[in-house]
Amino acid sequence: MIQIPDKNTNMFIDIRTSLFAIYLFLIGDSSALSNWQYADNPSMAILIVLFSLLIVVYLMNLLIGLLNNAIEEDNNRVSYLLQKAEILAEIELFYLLPHQRRWNTWFPEVIHYYADADKARMEIKRLIEKNEWDTKEFTDLRKNLLKVLEIKHKHIDNEVILKKLEKLEDLEKTYDKRFEKLEKLEKLEKLEKLE
């Protein structure tokens with residue numbers, strides 16, 4: 001009349017089957033808990049409700065929120081353009097024939113880019129403040145861009161710095177000579193006093 005509990009009737013006897021029962025409960029199969037009557041075991045009903053609220057509602061929403069934040073960080077215009085450039089470079093390198101790569105209609109020599117002057121001015125000022133503007137690349141282009149955008153920027157060149165250093169070294173040498181003369185004069189004065 002009474003069935004003896006075994007691992008099939010009560011999955012919570014062994015740790016492995018209990019983990020499997022929790023997995024089944026996560027996917028919606030509550031057959032592992034069918035041996036208990038919920039009216040006689042109100043604690044079981046409370047635990048089921050708390051488990052479903054905590055795991056299904058809270059943790060799943062937390063996971064969705066974390067994934068959403070991760071996607072938002074990578075989902076911007078710059079990463080899209082970088083990915084697009086990588087795909088285009090791969091197509092040009094591996095999927096086009098040599099005569100197709102020389103077509104001027106597909107690969108023009110000059111590409112025009114239109115930029116907002118205010119945004120370009122703000123970006124250039126930001127680069128100047130961070131000392132990232134003075135590089136050795138595209139010097140004429142950068143000078144023309146500063147003229148067009150009417151940005152006053154004094155370019156610091158290495159030659160100017162070297163000239164200033166040479167002047168400082170010359171000044172140091174003259175001061176050393178003056179100090180030597182002063183020391184000699186002091187010695188002479190001391191000798192005169194002794195005489």
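For the numbers below, each heavy atom of this structure counts, side chains included, while hydrogens, waters and symmetry mates do not. In this chain, numbering begins with 1 at the start of the sequence shown. Here the structure is a predicted model, which means the values were calculated and not measured.
The side chain to side chain contact (heavy atoms under 4.5 Å, CB included) check on Phe94 picks up Glu90, with sequence neighbours excluded. Checked against side chain to side chain contact (heavy atoms under 4.5 Å, CB included), Leu63 has the following partners two or more places apart in sequence or in another chain: Leu67. Residues passing the side chain to side chain contact (heavy atoms under 4.5 Å, CB included) test with Asp140, sequence neighbours excluded: none. The side chain to side chain donor-acceptor pair (under 3.5 Å) check on Asn144 picks up nothing, with sequence neighbours excluded. Under the side chain to side chain contact (heavy atoms under 4.5 Å, CB included) criterion, Val49 pairs with Leu53, not counting sequence neighbours. Here Phe51 pairs with Phe25 under the ring-ring contact (aromatic ring centres under 6.0 Å, His included) rule; sequence neighbours left out. Trp103 meets the ring-ring contact (aromatic ring centres under 6.0 Å, His included) test with His99, Trp106; sequence neighbours excluded.
Considering CG of Leu93 and CG of Leu88, their distance stands at 11.0 Å, rounded to 0.5 Å.
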Can you list, pair by pair, the side-chain donor-acceptor contacts under 3.5 Å of residues 121-130, counting residues two or more places apart and other chains?
from	atom 1	to	atom 2	distance (Å)
Arg121	NE	Leu149	O	3.0
Arg121	NH1	Asp118	OD1	3.2
Arg121	NH2	Leu149	O	3.2
Glu123	OE1	Arg126	NE	3.3
Glu123	OE2	Arg126	NE	3.4
Glu123	OE2	Arg126	NH2	2.4

Donor-acceptor contacts under 3.5 Å from residues 182-194 side chains, at least two apart:
none

Hey, can you pull the donor-acceptor pairs under 3.5 Å for the side chains in residues 169-180, sequence neighbours left out?
from	atom 1	to	atom 2	distance (Å)
Thr174	OG1	Asp170	O	3.4
Thr174	OG1	Leu171	O	2.7

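Pairs of residues two or more places apart, or lying in two chains, never qualify as salt bridge (Lys or Arg N to Asp or Glu O under 4.0 Å) while including a residue from residues 96-117.
Following chains of ILVMFWY side-chain contacts shorter than 4.5 Å, one cannot reach Ile87 starting from Phe107, and the two form parts of different hydrophobic clusters. Ile22 and Leu47 are assigned to two separate hydrophobic clusters, defined by single-linkage of ILVMFWY side chains at heavy-atom distances under 4.5 Å. Under the 4.5 Å side-chain heavy-atom criterion for grouping Ile, Leu, Val, Met, Phe, Trp and Tyr, Tyr23 is not connected to Leu19 through any hydrophobic cluster.
Not one N or O on the side chain of Asn68 forms a donor-acceptor pair closer than 3.5 Å with the backbone of Ile64.
Other members of the hydrophobic cluster containing Leu50, listed by chain and number, are Ile46; membership follows side-chain contacts under 4.5 Å among ILVMFWY residues, whether direct or relayed.
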